[in-house]
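Taking it in order: structure first as C-alpha cells, then the write-up.
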Amino acid sequence: MTDKTLIQNLFPAQESIPEAYRLPEYIEQREYLVDGKLIDWEGDLNPIKSPVCIKSPQGLTQAVIGSTPLMDETAALSALDAAVRAYDTGRGEWPTSSVAERIQCVESFLGRMRQQRTAVVNLLMWEIGKNLKDSEKEFDRTCDYIVDTINALKELDRRSSRFVVEQGTIGQVRRVPFGVSLCMGPYNYPLNETFTTLIPALIMGNTVVFKPAKFGVLLIRPLLEAFRDSFPPGVINVIYGRGRETVGALMETGKIDVFAFIGTNKGASDLKRLHPKPHRLRGILGLDAKNPGIILKDVDMDNAVSECVTGSLSFNGQRCTALKIIFVHQSVADDFLKKFNAAVSRLKPGMPWEPGVALTPLPEPGKTEFLNKLVADARQHGAEVVNELGGETNETFFFPAVLYPVNSSMRVYNEEQFGPVIPVVPYTDIGEVIDYVIESNFGQQLSIFGDNSADVGMLIDSFCNQVGRINLNAQCQRGPDTFPFNGRKDSAAGTLSIEDALLQFSIRTLVAAKHNEDSKAMITRIIANRESSYLSTDFIF
Ligand code: G3H
C-alpha cells in the first residue's frame, strides 16, 4: 500500500541509484546525421531534463542528463536537401534498388541496433520515466516489428513478382515509394512508434528526414552510427531542434511527400498547413484520443477493474490508447470504485528501474500543474477525488486521481488528460454513453465490459462506425501489430499495422502492354537480360 511518506521520499540520492542504471556521464550530443555523415553542431544546445529528481542536502533537483543540438533552419534544410538528392526524383540508388537490397540494409541496421539495447533502455528510463520492464518491452517489440516488416515485405514482393494477363493486357503491378518522408514520433513511445513509420518508409524506398520526439531524444544517439553505416548517404537523415525552425521550414519548401506524424492534432495541423502543395502531401497520422471504457450492469467486475487499471494507468496513462474516461452503470458504480481504488492503491510508485514499479515521474514540464488544474476544475463542478492519496504530488510525480461523479460540465469529460487522472461517469441510460461516443471529436478505440451478449452486440453495432477498434472485456491497445491500428475523426489518418504501413508508404505502379507476341518477346528479353530492376520475376525466398 502506498502511503504519503513513500511519495514524499520517492526520489533517490545520486549514490542510492543502482550502478547498472546510473548514466555514465552527462551526454553532450553534438552530432546529427546528414548525407551519410555525422556532423558536429557548433551552435546552441538544448538541455535534456529527466523526469527523475535527485535528492541532495539542498533539496530536489530534476536531473539534467545531457543536451542535444538546437539546429537552425539552414542545418535542417541541409538534411532535406540530402534526402531530396538521395531520392533524385525517384531515380536515386535507394528508390531504384531491389527489395532484396533494401531488406539487406534494414537487416544490417537491426543487427547493430540490437547491440545498443542496454543503452537505449537505460535512456528510455531516464528520459521519459518508463519503467524497466516496459522500456525493455518497447525495445524488443520494436526489433520484432522490424523483423515482421521484413517478412511482410518479402511476402508482398513475392505476390508482385508475377505478371497478370487480363482482357488482352499483360501487366506487372509493383509498389513503389512516394519520395521524401518526414517522420516524427511521440514522446511516450519515442522508439517504437517512431520506428513503426520510419522503417516502413525506408524499406519501401522512400528517403527520410527523421526528427526525434520532444522527449526521448538522446536515446536515438546510440543508433546514429548504425543508421549511417547501414544505408546509402542521404537515405536517412536525423535532425534535432525546435519544431518551427526545423520541420516547419522543411514543410514550407513543399518538398516533403509524406508526413508521418504521431502526436497531437494541433502539432499535425500546424505543420500540415505550412506545406504549399496539400495534394502532394500524404499524411499518415496518429493523433489524440479519449477512449472510453464502458461498464455495463452485468459484468465480471474483477476482470473489468483489472483491465481498467492497466488500461488507464500503464505508463501513468501516457498512451494514446489509454482508457481516458470510464462510464459505469449507476447500479454497479460503488462496487467498481471500491475495487478500482483498492487496485490503484496497490500500484507501486518509484523510480523506473525499481523492481515492480508501476507509477513513475512524468516527463512533460508543467504536467503535474496541468493535472492538478483538471482535478480542481472537476471538483469545482461537483466531482471528488475518491481514492486515497489521489492527486498527491511531489515535483514531477503525481499519484493517480480517481474522479467521481464526473459530468459533461468538467474539462476532463472531453479533454485528453494523457496522464494519471481517471474520470468516472455514472450513467443509467446507455443512450448517454452512445451519444458521448458519437459526439466526441475522437474516434480511436473503446472498451465494452459486460456479460450480456444482447447488450454487447447492440453496442458493437452502435460503435462500429465510430471508432477503429472495439475491445470486449479488455483494455484498449495497439497490438498485436499485425492488427490494423487507426482511428476516425480527429484521432488518425491512415492505418498502421505491419502490412498496412508498407502500403501507406508506397503506391502501386503498373507496367502494361498488349498481350501479343511482340510484347511477350520484349518483356522476356528485358527480364532475361536483367535490363530493368522494376520489371523482374525474381522471387525472394
Ligand atoms: O500511444 C499509443 C500507442 O500506440 C499505444 O500502444 O496500446 O501498445 O500501448 P499500446
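Remember, predicted model here, so these are calculated numbers, not experimental data. Counting starts at 1 for both ligands and their atoms, in listed order.
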Q. Looking at L219 and P190, what are the two nearest heavy atoms and their distance?
A. CD2-CG, 3.9 Å

(Q) Give me the atom names and distance for the closest heavy-atom approach of F227 to V238. (A) CD1-CG2, 4.4 Å

Q | Donor + acceptor pair across side chains of N471, Q477 (<3.5 Å) | A |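 No donor-acceptor contact under 3.5 Å links the two side chains.
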
Q) Tell me, which residues have any heavy atom less than 4.0 Å from some atom of ligand 1? A)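 Close residues (ligand 1, cut-off 4.0 Å): R141, N188, Y189, E193, R319, C320, T321, Q477, R478, F485.
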
Q | Ring-face cation contact, Y189 with K130, 6.0 Å cut, 45° max | A |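 Satisfied, under 6.0 Å and within 45°.
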
Q: Kindly determine whether R141 and D481 satisfy salt bridge (Lys or Arg N to Asp or Glu O under 4.0 Å), including the steps that lead there.
A: CA-CA 9 Å; R141 177 181 175 183; D481 286 324; 3.5 Å; yes

(Q) Between Q444 and N291, is the side-chain hydrogen bond (donor to acceptor under 3.5 Å, both in side chains) condition met? List the steps. (A) CA-CA 7 Å; Q444 191 200 61; N291 295 345; 2.7 Å; yes

